Amino acid sequence: MYDKYFTATPFTVGTKIPKHKGILLAGATAGGTKCTFHFVNTNGSTFSSTIDISQTPYILPMQIYTMPSMASGMTAYYLN
């Protein structure tokens, strides 16, 4: 099943991201491919995961809390 996205809003790496449906990453092969994400679990606490983004553009179809680091050359947007 695919979700519909109507807006793509840029955000600052390291800040809390408002409620959204997904993350769009572009330029993954420009300066690297590793991105770190903080997710919120069912208890309300956060956990960290590093994901290797091997294609561009890439949509991560879930809500994240923040993105503390991003590969150089990438651009990120939150989708609604």
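All values reported here derive from a predicted model rather than from experimental measurement. Keep in mind that the numbers below use all heavy atoms, side chains included, and drop hydrogens, waters and symmetry copies.
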Picking from Leu60, Thr9, Ile59, what satisfies side chain to side chain contact (heavy atoms under 4.5 Å, CB included) with Leu79? Ile59
Spell out, yes or no, whether Ile23 and Val13 are grouped together once hydrophobic residues are joined by side-chain heavy atoms under 4.5 Å, including indirect joins. yes
When rounded to the nearest 0.5 Å, the distance separating OG1 of Thr7 from OH of Tyr78 is 7.0 Å
To the nearest 0.5 Å, atom NZ of Lys21 lies from atom CZ of Phe6 at 6.0 Å
For Ser49 against Phe39, the heavy-atom pair lying closest together: CB-CE1, 3.8 Å
Check residues 61-71 and write down every donor-acceptor pair under 3.5 Å in which the side-chain atom is one partner and the other belongs to a residue at least two apart or another chain.
{"from": "Gln63", "atom 1": "OE1", "to": "His20", "atom 2": "N", "distance (Å)": "3.2"}
{"from": "Thr66", "atom 1": "OG1", "to": "Thr15", "atom 2": "O", "distance (Å)": "2.8"}
{"from": "Ser69", "atom 1": "OG", "to": "Thr36", "atom 2": "OG1", "distance (Å)": "3.0"}

Same apolar cluster (I L V M F W Y, side chains within < 4.5 Å links), Tyr77/Tyr5: yes
Gap between atom OG1 of Thr12 and atom CD1 of Ile17 - 0.5 Å precision: 9.5 Å
Using modelled atom types and a 3.5 Å cut-off, is there a donor and acceptor pairing between side-chain atoms of Asn43 and backbone atoms of Ser45? no
Once rounded to the nearest 0.5 Å, what's the spacing between atom CG of Asp52 and atom NZ of Lys34? 4.0 Å
Please evaluate residues Ile53 and Ile51 with respect to the criterion side-chain contact (heavy atoms from CB on, under 4.5 Å), reporting the C-alpha separation (whole Å), side-chain torsions for both, the decisive distance (0.1 Å), and the verdict. CA-CA 6 Å; Ile53 309 297; Ile51 299 175; 3.7 Å; yes
